[in-house]
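These numbers were taken from a predicted model, which means no experiment stands behind them.
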Amino acid sequence: MRIQSITIEVALVNVLSLFDGIGCGMVALERAGIQVDRYVAYEIDKNSIKVATRHYPNIEEMGDVVSGDFTKYKGFDLVIGGSPCQGFSFAGKQLNFNDPRSKLFFEFIRAIKEVQPKYFLLENVVMQKQYEDVITKYLGVKPILINSSLVSAQNRQRLYWTNIPNVTQPNDLDIKLIDILEDVPINGVIYDKEDLHKATIIGRRINEKGHRDDYNNSVPVSQCLEVRATNTDKSNCLTTVNKDNVLTPMEVGRHKDAYKNNLPFRYYTVKEYCRLQTLPDDYCDMIPPSVAMKALGNGWTVNVISHILSFIQA
């Protein structure tokens with residue numbers, strides 16, 4: 001798969017990356033043509049660190065962000081991060097700032113205060129306006145809404161708070177889901193890519209009439225394979241749960257008991273996850289597939305980040 005590359009010339013920069021994950025920030029900087037002198041990363045997941053340091057041995061891994069002394073990096077050029085989003089996500093319980101994961105946002109604020117960088121970039125999910133406004137108040141800039149679908153085959157809307165000036169929307173590269181799929185058998189059969197539909201497996205209570213009855217506890221939960229007719233050219237947003245994204249030759253609709261009935265579907269491959277996040281195909285080959293999918297679901301769409309960083313002024 002061809003990866004878009006943006007080339008600019010800037011001086012060497014020092015970067016502090018919080019919640020660094022698999023090092024997507026470093027990939028984005030490299031892809032944007034920004035030369036890095038020091039890249040200090042705070043991350044606690046061992047598998048993510050293994051991926052990041054395999055590709056970039058010079059990353060300075062510092063561990064838990066909560067115990068970080070950011071004053072050591074005062075004057076660094078850039079602070080980046082995507083604080084955990086589970087407490088803000090519309091797909092979650094909307095625990096907002098009371099969720100201990102979302103409280104990590106304030107570690108990003110602490111880093112900004114202690115480092116006083118020239119530029120910063122914070123990524124997070126689309127959330128209720130009241131929570132968005134709190135983040136905006138602390139950072140002093142309004143977020144930019146960018147959908148990864150412009151540069152990839154993934155529908156992934158994210159908010160980006162940054163003081164990098166004049167950031168515009170990326171050009172639409174018109175990458176379709178079919179463009180990034182591998183030939184993988186489903187129940188022993190390799191289907192034409194044109195015959196595959198994106199779907200989700202989700203627990204539903206389906207009554208005798210075939211209708212959803214989710215609040216009726218007398219109706220057992222069925223793991224339904226749901227095939228939707230909307231936005232078919234893009235994948236759903238990648239998450240840490242692989243059944244949120246599956247492929248099937250079945251028709252649009254809701255199909256009961258996906259597992260019990262051995263319905264024809266498959267999960268996305270790690271390579272497809274990488275392509276949806278605009279990373280090299282083999283980027284996470286050094287860790288187990290199930291772990292890689294979770295790490296990639298938590299990661300950034302690199303070409304969105306490189307696009308934003310390309311507006312940094314020398």
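Applying the ring pair (Phe, Tyr, Trp, His ring centres under 6.0 Å) criterion to Tyr39, with sequence neighbours excluded, gives no partner residue. Applying the salt bridge (Lys or Arg N to Asp or Glu O under 4.0 Å) test to Glu226 and every residue at least two apart in sequence or in another chain returns Arg204, Arg228, Arg254. Listed by chain and residue number, Cys224, Lys256, Asp257 satisfy the side chain to side chain contact (heavy atoms under 4.5 Å, CB included) test with Ser222 (two or more places apart in sequence, or in another chain). Every residue two or more places apart in sequence or in another chain that forms a side chain to side chain contact (heavy atoms under 4.5 Å, CB included) with Pro165 is listed here: Tyr119, Gln313. Looking at residues two or more places apart in sequence or on another chain, you find a side chain to side chain contact (heavy atoms under 4.5 Å, CB included) between Asn14 and Asp37, Arg38, Phe76, Asp77.
Between Met293 and Thr269, the shortest heavy-atom contact is CE-C, 4.1 Å. When all heavy atoms are compared, the tightest approach of Val221 to Gly203 is CG1-CA, 3.8 Å. In this structure, Gly21 and Ala52 approach most closely via the heavy-atom pair O-CB, 4.1 Å. Closest approach of Val219 and Arg205 over heavy atoms only: O-NH1, 2.5 Å. When all heavy atoms of Thr136 and Val141 are compared, the closest pair comes out as CG2-O, 3.3 Å. Between Arg110 and Val65 the shortest heavy-atom distance is NH2-O, 3.2 Å.
Side-chain atoms of Ser67 come within 3.5 Å of backbone N or O of Asp64 as a donor-acceptor pair. Between the side chain of Lys198 and the backbone N or O of Lys234, at least one donor-acceptor pair lies under 3.5 Å. Counting only distance, with no hydrogens or angles, the side chain of Thr248 and the backbone of Met250 share a donor-acceptor pair below 3.5 Å. Here the side chain of Asn187 pairs a donor or acceptor atom with the backbone of Asn262 at under 3.5 angstrom. Without hydrogens or angle criteria, Asn171 side chain to Leu173 main chain gives no donor-acceptor distance under 3.5 Å.
Side-chain contact between Gln169 and Leu150 is present, with heavy atoms from C-beta onward closer than 4.5 Å. Val40 places none of its side-chain heavy atoms less than 4.5 Å from the side chain of Ser17.
The six-membered or imidazole ring of Phe105 lies away from that of Phe19, with a centre-to-centre distance of 6.0 Å or more.
Salt-bridge check for Lys74 with Glu114: failed, with every basic side-chain N at 4.0 Å or more from each acidic carboxylate O. A salt bridge links Asp174 with Lys176: the distance from a Lys NZ or Arg NE/NH1/NH2 to an Asp or Glu carboxylate oxygen falls below 4.0 Å. The pair Lys129-Asp133 counts as a salt bridge, with a side-chain nitrogen and a carboxylate oxygen less than 4.0 angstrom apart.
Ring pair Phe108/Phe120 is perpendicular by interplanar angle, where above 60° counts as perpendicular and below 30° as parallel. Note on ring orientation: taking the six-membered ring where Trp is involved, the planes of Tyr73 and Phe70 are tilted (angle from 30° to 60°).
Interatomic distance, CZ of Phe265 versus OG1 of Thr200, reported as 11.5 Å (0.5 Å rounding).
Listed by first then second residue, pairs satisfying ring-ring contact (aromatic ring centres under 6.0 Å, His included) with a partner in residues 147-193 number zero, not counting sequence neighbours.
Counting heavy-atom neighbours within 6.0 Å of Tyr138 OH, excluding the residue itself, gives a total of 12 or less. The number of heavy-atom neighbours closer than 6.0 Å to NZ of Lys294, taken from other residues, nucleotides and ligands shown, is 12 or below.
No continuous path of hydrophobic side-chain contacts links Ile49 to Val27 [ILVMFWY only; heavy atoms under 4.5 Å].
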